[in-house]
Each structure stands twice: as C-alpha cells, then as structure tokens.
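Encoded as structure tokens, the structure appears first; notes follow it.
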Amino acid sequence: MNPAEVIKQRMQMYNSPYRRVTDCMRAVWRNEGAGAFYRSYTTQLTMNIPFQAIHFMTYEFLQEHLNPHRQYNPSSHMVSGACAGAVAAAVTTPLDVCKTLLNTQESLALNSLNMSGHITGMANAFRTVYQVGGVTAYFRGVQARVIYQMPSTAIAWSVYEFFKYIITKRQEERRAGH
C-alpha cells in the first residue's frame, strides 16, 4: 500500500501539480526513482503496529466496562470501536505526520530549513518536523485523523461483532440439533 499512499498524499497536497494518478506516478518514478515509493515504509510499519495494538487494547478495555457479559450489543460495539479508533489515531499522529512528510517531501518544510535533496528515514523526519514546528507540529491534523478513524473503526467492529454473533449462533443451533 505504500506506493498508493505516496501518490494519494502527493495529489492531496495544496498546489499539487498532479491531476491524474498516472501523471503523479510517472513523475515520482522519473524524478526520484522507485525508492521514493518506499521512503516511509519503516515509518508506516512503526505507525501501524502501535496503532493496531492500542486500537485492540482500547476496544477490549471498553468492552469489559460497557459490555462485561460480552453479549451481542451493537451500541456498545459502535461506541467502543469509535473510541478505540480515536485513541489509537491520536496517539499515533506524530508517526503519521512523519510518514506524510516522508511521502510528500513537502517543499515548505525543506525550504524553511534550507534543505536540498530528500528527507529519508524516520529519525530525519522526526527531526525535521520538530525543527519546522516544534512539539505541536507532531499533532498537526490530529482532529481530522480522529474524525476519520472513528466511524471507520465503529463500523468495522460492529460488522465483525455482527458476523461473530451470527456464526456463533449457527454453530450453537447445529450442536443443539445433533
């Protein structure tokens, strides 16, 4: 997914010169090489692993409190899922900001530090974000990230719990029938 994320983010940038996916893909390949599509790969992994760990732990923690008997309860699944996604998104926002910088090679960041070339690696991205905007820069876009994740994770957990309920119910009915 990393190449697709690079293209998506570059097309979403303010004043992006790209109008089509293929134009962006060709320009990145031609100007920066294949490595540009994977510059943020380790940051992506470093972000997704804690995101998922926090997401699952928060969901389970909330289910223990909102649905201690673990019954099928769509409202508790929705609330727990939305909150779990919000917490995971907020906590991992600094990693997402660094990943976005690696993917986009934002010219404002590079120019403000009189940098030439490309930012590579998570450590350089963290250093650059701090130099450009201080600690608060790590949380730029946190609200949008949380708002984006909440419905997504609420729906995902609700669908998962629904199918888990249906499958479990059918298995129980089969056992009772035999």
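Shortest non-hydrogen contact noted between Trp29 and Ala34 is CZ3-CB, 3.5 Å. Across Thr153 and Gly85, no two heavy atoms sit closer than the pair OG1-CA, 3.4 Å. Nearest heavy-atom pair across Cys98 and Tyr138 is SG-CE2, 4.3 Å. Between Leu62 and Cys83, the closest heavy-atom pair is CD1-CB, 3.5 Å. Listed here is the closest heavy atom pair of His77 and Asn67: CE1-ND2, 3.7 Å. The minimum heavy-atom distance linking Ala125 with Leu101 is given by the pair O-CD2, 3.9 Å.
Hydrophobic clustering of Ile, Leu, Val, Met, Phe, Trp and Tyr side chains at less than 4.5 Å, counting indirect connections, keeps Met1 apart from Leu45. Linking ILVMFWY residues whenever their side-chain heavy atoms come closer than 4.5 Å, directly or via other members, places Val97 and Ile119 in the same cluster. At a threshold of 4.5 Å between side-chain heavy atoms, the hydrophobic network of Ile, Leu, Val, Met, Phe, Trp and Tyr places Met57 and Phe51 in two separate groups. Tyr41 and Leu95 end up in different hydrophobic clusters when Ile, Leu, Val, Met, Phe, Trp and Tyr side chains are linked at under 4.5 Å. At a threshold of 4.5 Å between side-chain heavy atoms, the hydrophobic network of Ile, Leu, Val, Met, Phe, Trp and Tyr places Met47 and Val129 in one connected group.
For Tyr72, the OH atom is densely surrounded, since the number of other residues' heavy atoms within 6.0 Å is greater than 12.
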Could you walk me through whether Ile147 and Met150 satisfy the side chain to side chain contact (heavy atoms under 4.5 Å, CB included) test, starting with their C-alpha distance in whole Å, then the side-chain angles of each, then the deciding distance to 0.1 Å, before giving a yes or no? CA-CA 6 Å; Ile147 290 167; Met150 288 180 76; 5.7 Å; no
Ile54 and Val87: CA distance, side-chain angles, deciding distance, side chain to side chain contact (heavy atoms under 4.5 Å, CB included) verdict: CA-CA 7 Å; Ile54 292 164; Val87 170; 3.8 Å; yes
Run the numbers on Val6 and Tyr38 for side chain to side chain contact (heavy atoms under 4.5 Å, CB included), then give the verdict. CA-CA 8 Å; Val6 170; Tyr38 294 95; over 6 Å; no
Let me see the working for Thr104 and Gln12 under side chain to side chain contact (heavy atoms under 4.5 Å, CB included), right down to the final yes or no. CA-CA 10 Å; Thr104 62; Gln12 288 176 336; over 6 Å; no
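Note that CD of Gln71 and OH of Tyr165 are 9.0 Å apart. Values are rounded to the nearest 0.5 Å. Here Ile49 contributes atom CD1 and Gln44 contributes atom CD; the two are 10.5 Å apart, rounded to the nearest 0.5 Å. The CD1 atom of Ile166 lies 13.0 Å from the NZ atom of Lys164; values are rounded to the nearest 0.5 Å. Here the CD1 atom belonging to Ile155 is positioned 6.5 Å from the CE atom belonging to Met78, to the nearest 0.5 angstrom. Of the inter-residue distances, the one linking Gln131 atom CD with Asn124 atom CG reads 9.0 Å to the nearest 0.5 angstrom. For the atom pair OG1 (Thr42) and NZ (Lys99), the distance works out to 12.5 Å, reported to the nearest 0.5 Å.
Using modelled atom types and a 3.5 Å distance limit, the side chains of Gln63 and Ser80 yield a donor-acceptor pair.
Ring geometry for Trp157 against Phe56 counts as perpendicular: the plane angle is over 60°, on a 0 to 90° scale with 30° as the lower cut.
Phe37 places a side-chain heavy atom less than 4.5 Å from the side chain of Met25.
Arg145 places no side-chain N or O within donor-acceptor distance of the main-chain N or O of Ala90, the cut-off being under 3.5 Å.
In this structure, Glu172 does not pair ionically with Lys169, as no charged nitrogen and carboxylate oxygen lie closer than 4.0 Å.
Note: His65 and Phe61 meet the aromatic proximity criterion, with ring centroids under 6.0 Å apart.
Identified under the salt bridge (charged side-chain N to carboxylate O under 4.0 Å, His left out) test for residues 35-62, with sequence neighbours left out: Glu32-Arg39, Glu60-Arg70.
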